[in-house]
Undergrad: 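Pasting a structure below so you can have a look.
Just so it is clear, the values below take in all heavy atoms, side chains as well, and ignore hydrogens, waters and symmetry mates. Residues: numbered from 1 along the sequence shown.
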Amino acid sequence: MTLWSLTVQSVLARPRSWVVGLLAAGAAALLTPGVSLMGSIHDGTRRSLIESGAGDLQVYAAASTGTPQVVVGPGGVPDLQPIPDYGALEPRLRDLPGVQEVVPLELGMGAVFRGNALDEKLAVLREAARAPVSEERDARLRRLGEDLRLTLARVARNADRRSEAFAEEPAFADDLRVLRDAAEPAFWERLTEDPQGLLEVLENRVARQAGEGEELPVDYLGTDVARFARAFPRFELVSGQLPPPGTRGLVMGHATYEQHFKHPIAVRMDTLRRERERGLTLAEDEQLRTLVERNLAEVPDLVARLDIERATALQAGLARVLGEPGELESLLARFLSVDDANFDTRFGQFYGELAPSLPLYRLKPGDVLSLKTPLESGTAVPVRVFGTFRFRGLGGDDGRVNTMSVVDLVTARHLSGRFTQAQQDEARALFETFGMEGEAMAPPESLDAFHPPDIVDAEAQTAHTEQAPVFERARALPETFSEDELSRGTVLQAAVVLAPGASAEDVAARMRALPGGEALATVGWQEAGGLLGGLVVMLQAVLLLFALLMTSFVALVAAGTLLLLARERVAEVGTLRAVGMQRREVFTSLLLEGSLLGGIGSVLGAVLGAALLSLATGDGVAVEDGSLQFFLGGPVLRPALSLGGTAAVVVAVTAVVLLATLVPAWRGSAVAPIEAMRKGEG
């Protein structure tokens with residue numbers, strides 16, 4: 001009690017020592033909300049990943065060289081081996097205590113080829129040709145055909161200019177002749193009698209001469225789509241429907257649908273609106289003005305892709321909106337020349353008046369895509385798009401996680417090139433038929449093993465036969481599959497969703513204890529998040545570095561201040577030693593002084609930091625940026641004050657001040673009484 005009394009009197013008598021307490025208060029006031037925010041970010045990212053496909057655990061084959069992920073990262077798709085006998089393993093995993101759901105997954109990178117302007121016009125012509133024969137159908141065919149003939153005439157003129165500048169390839173000379181013929185009215189005389197035959201010629205011989213088109217990315221997760229939608233509460237269907245049970249199909253990520261399958265002019269208009277809502281203006285932001293300029297540069301391509309019906313309707317709509325007639329290209333350029341004064345009006349008119357006449361989306365629910373894995377060989381796999389979805393509250397149409405699509409596992413296996421179980425059984429039967437018992441035990445796992453590239457010598461064929469070559473029609477994939485085909489096929493990874501309160505470590509240990517569990521490995525949600533999960537670790541490292549810098553500053557300044565105060569107290573220390581106080585008691589008194597300053601300062605700072613956090617956030621902070629929504633767990637950040645984190649800050653800051661007091665206390669207590677009294681008299 002005497003030591004504490006002396007310590008309190010010494011602190012009250014020397015206001016300069018309060019600097020140490022103020023430093024401790026400042027450090028605690030900054031670190032308390034920082035720790036709470038970091039905890040909220042960590043918890044938000046954890047919930048985002050767990051509720052959007054990663055699950056609490058990811059199970060995969062221990063023999064794999066990569067680790068499972070649910071979002072394609074810079075390194076591409078991880079190298080995973082199929083889980084041994086997954087069909088028998090899955091029920092055992094689902095029956096484990098603490099496991100709520102098990103969802104098979106397969107991550108893949110897909111791509112869709114988008115045709116050129118002629119492909120789009122030919123699609124409209126083919127749709128018209130499928131209508132029942134009537135005078136209205138024939139009139140529409142002639143109208144669309146004349147518009148397409150004029151387009152082909154422009155393509156033919158461009159081809160002639162290229163042939164004059166470059167040596168013409170002999171292999172394409174015949175196609176160029178067909179293109180020139182298609183630009184003449186005589187070519188179109190049989191359109192109403194034989195539209196399909198005419199379209200075959202145009203699609204196979206003419207369309208490619210207008211350009212190669214482009215590839216659009218469609219990254220996907222192969223899964224049991226219905227189970228995926230039930231297991232992850234963030235799943236939200238935006239348009240269309242889920243594929244019926246047992247039906248091959250794809251539900252596209254709505255961000256991919258909006259970014260890659262929407263017309264670029266509409267995408268830029270959406271971006272302009274989004275940025276203006278954040279406070280930017282066209283007058284001050286050069287990037288926004290660049291988007292307007294890119295829209296104007298896109299006008300000729302848009303006009304070239306429009307069929308005559310849409311072009312006529314769009315021209316009438318533009319004349320009505322702008323209040324004067326004119327050519328389509330000039331009217332569209334005038335309309336898209338937006339500024340801050342007219343943007344909101346033009347944006348509303350774009351979607352309200354013009355969008356029905358535009359090819360706003362390159363596909364719609366119900367269309368069939370030819371999906372292919374860019375890095376794999378093999379043919380494209382046709383799959384029907386049943387709808388679009390997003391993960392609720394995780395970034396909207398500009399969020400990275402919402403670019404992922406989900407497709408049925410059967411289609412994903414075909415895209416990967418691996419054998420299905422039925423194909424493996426068929427391969428074994430073939431090996432046994434030919435007496436290859438050794439190979440029958442391990443048939444190839446890749447479809448490419450039985451599909452070497454075909455090299456056809458066209459000249460040799462025509463030299464030996466006068467008949468046209470007969471090509472075998474590829475067998476189309478069935479649109480449906482059986483439950484046996486789904487369950488017996490290979491699976492690369494599986495997301496395990498735990499029941500509330502279950503421990504991921506305990507469940508992982510139970511998995512390894514299963515028969516054959518030694519062949520399994522597990523990773524948590526953070527590893528499965530790949531780059532997204534790694535960013536949380538980076539944020540934690542940044543906060544830790546900030547805390548270390550802050551505490552180092554507090555320690556240095558506190559140590560310097562206390563050393564100065566110790567030098568001023570030499571006479572006092574000598575007097576205390578002269579009246580009988582031992583050195584260890586003086587040392588303890590000085591340590592108590594530092595701990596008192598640090599403790600009171602850190603407590604007051606923590607209270608101040610908690611008050612500032614409550615005032616700054618209130619009921620929550622709106623998060624508008626799509627990427628931040630993912631890391632913060634939704635569109636509203638509600639940081640909660642962590643009592644454990646606050647206590648840790650108080651203890652850590654007090655400990656830092658106490659450590660900083662050690663040297664001044666040791667040096668102050670080491671002064672001999674007679675020397676201290678002599679210096680005091682001086």
Side-chain angles (χ1 to χ4, degrees), residues 109-130 144 147-148 151 155 199 202-203 207-208 210-220 237-241 243 249-271 291 294-295 297-311 313-314 328 332 336 350-351 354-374 380-390 396-398 402-407 411 415:
M109 297 174 61
V112 175
F113 182 78
R114 179 207 179 192
N116 54 39
L118 288 184
D119 290 320
E120 296 183 13
K121 288 194 172 185
L122 286 170
V124 176
L125 189 62
R126 182 174 287 280
E127 181 183 1
R130 292 192 180 117
L144 294 173
D147 174 60
L148 183 55
T151 302
V155 175
L199 281 166
L202 293 172
E203 290 175 344
R208 64 181 179 180
E212 293 298 328
E214 61 179 326
E215 275 193 345
L216 304 175
V218 182
D219 296 338
Y220 61 87
L237 199 65
V238 178
S239 64
Q241 63 178 26
L250 178 141
V251 184
M252 184 173 289
H254 199 67
T256 292
Y257 189 60
E258 290 290 318
Q259 293 173 15
H260 299 298
F261 290 87
K262 195 173 187 177
H263 197 280
I265 289 179
V267 173
R268 295 187 194 103
M269 292 289 284
D270 294 341
T271 304
L291 292 178
R294 291 180 63 187
N295 270 354
E298 190 90 18
V299 168
D301 180 72
L302 172 59
V303 173
R305 290 177 181 271
L306 291 175
D307 59 84
I308 187 63
E309 295 174 337
R310 283 182 169 175
L314 181 60
L328 175 57
L332 191 55
L336 294 175
F350 181 81
Y351 280 102
L354 307 183
S357 304
L358 290 171
L360 200 58
Y361 290 96
R362 297 165 183 172
L363 60 85
K364 58 185 181 297
D367 291 346
V368 176
L369 288 181
S370 291
L371 194 61
K372 184 174 181 179
T373 307
V381 177
V383 57
R384 188 175 303 279
V385 178
F386 279 86
T388 64
F389 82 100
R390 67 165 65 98
D397 298 336
D398 58 345
N402 288 328
T403 61
M404 190 63 59
S405 302
V406 292
V407 69
T411 299
L415 286 167

Undergrad: Nearest 0.5 angstrom please: Leu363 CG to His260 NE2, how far?
TA: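 So the CG of Leu363 and the NE2 of His260 are separated by 12.5 Å.
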
Undergrad: Please name all residues satisfying side chain to side chain contact (heavy atoms under 4.5 Å, CB included) with Pro300, sequence neighbours left out, ordered by chain then number.
TA: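 If we apply the side chain to side chain contact (heavy atoms under 4.5 Å, CB included) test to Pro300, skipping adjacent residues, the hits are Glu329.
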
Undergrad: Is there a side chain to side chain contact (heavy atoms under 4.5 Å, CB included) between Val218 and Val407 once you walk through the steps?
TA: CA-CA 11 Å; Val218 182; Val407 69; over 6 Å; no

Undergrad: Say you draw a straight line from CG of Leu291 to CG of Leu336; how long is it, rounded to the nearest 0.5 Å?
TA: 12.5 Å

Undergrad: For residues Pro365 and Gly240, report the shortest heavy-atom separation together with the two atoms involved.
TA: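 Heavy atoms of Pro365 and Gly240 come nearest at CB-CA, 4.4 Å.
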
Undergrad: Using the ring-ring contact (aromatic ring centres under 6.0 Å, His included) criterion, which residues pair with Phe389? Sequence neighbours excluded.
TA: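 Per chain and number, Phe389 pairs via ring-ring contact (aromatic ring centres under 6.0 Å, His included) with Phe235, Phe391.
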
Undergrad: Of all the heavy-atom pairs spanning Pro359 and His263, show the shortest one and how long it is.
TA: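 Looking at all heavy atoms of both residues, the closest pair is O-CB, 3.9 Å.
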
Undergrad: Side chains of Leu369 and Met252, heavy atoms from C-beta outward: is any pair under 4.5 Å?
TA: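 Contact flag for Leu369/Met252 side chains = yes.
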
Undergrad: Atom CG of Leu144 and atom CD1 of Ile308: how far apart are they, to the nearest 0.5 Å?
TA: 8.5 Å

Undergrad: Judged by atom type as modelled, is there a donor-acceptor pair below 3.5 Å linking the side chain of Ser405 to the main-chain atoms of Gly253?
TA: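 Indeed, once roles are kept as given, a pair shorter than 3.5 Å links the two residues.
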
Undergrad: Is any side-chain heavy atom of Leu415 closer than 4.5 Å to one of Thr411?
TA: yes

Undergrad: Quick check for you: to the nearest 0.5 Å, what is the distance between Leu199 atom CG and Leu125 atom CG?
TA: 4.5 Å

Undergrad: Measuring only between side-chain heavy atoms, which start at C-beta, is Ile265 closer than 4.5 Å to Phe350?
TA: yes

Undergrad: With sequence neighbours left out, what residues match Thr388 under side-chain hydrogen bond (donor to acceptor under 3.5 Å, both in side chains)?
TA: Ser239, His254

Undergrad: Can you name the residues that form a side chain to side chain contact (heavy atoms under 4.5 Å, CB included) with Gln241, not counting sequence neighbours?
TA: Pro244, Phe386

Undergrad: Ignoring hydrogens and angles, tell me if any N or O in the side chain of Asp367 forms a donor-acceptor pair with the backbone of Lys364 under 3.5 Å.
TA: yes

Undergrad: For Glu309, what residues pass the salt bridge (charged side-chain N to carboxylate O under 4.0 Å, His left out) criterion, not counting sequence neighbours?
TA: Arg140, Arg143

Undergrad: Among all residues two or more places apart in sequence or in another chain, which pass the side-chain hydrogen bond (donor to acceptor under 3.5 Å, both in side chains) test with Arg126?
TA: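 side-chain hydrogen bond (donor to acceptor under 3.5 Å, both in side chains) check on Arg126 returns Gln196, Glu203.
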
Undergrad: Shortest non-hydrogen contact from Leu360 to Ala266?
TA: CD1-CB, 3.6 Å

Undergrad: Please round to the nearest 0.5 Å and tell me the distance separating atom CG of Leu358 and atom CG of Leu302.
TA: 6.0 Å

Undergrad: In chain order, what residues pass the side-chain hydrogen bond (donor to acceptor under 3.5 Å, both in side chains) check against Asp270, with sequence neighbours excluded?
TA: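 Partners of Asp270 by the side-chain hydrogen bond (donor to acceptor under 3.5 Å, both in side chains) criterion, ordered by chain and then number, come out as Lys262, Tyr351.
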
Undergrad: Can you list the steps and then say if Arg362 with Leu216 is a side chain to side chain contact (heavy atoms under 4.5 Å, CB included)?
TA: CA-CA 11 Å; Arg362 297 165 183 172; Leu216 304 175; 3.4 Å; yes

Undergrad: Which value, rounded to the nearest 0.5 Å, describes the distance between Leu237 atom CG and Arg390 atom CZ?
TA: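 The CG atom of Leu237 sits 10.5 Å away from the CZ atom of Arg390.
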
Undergrad: Going by the rule side-chain hydrogen bond (donor to acceptor under 3.5 Å, both in side chains), which residues pair with Thr256 if we only count those two or more places apart in sequence or in a different chain?
TA: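 Testing Thr256 for side-chain hydrogen bond (donor to acceptor under 3.5 Å, both in side chains), a comparison that skips the adjacent residues, returns none.
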
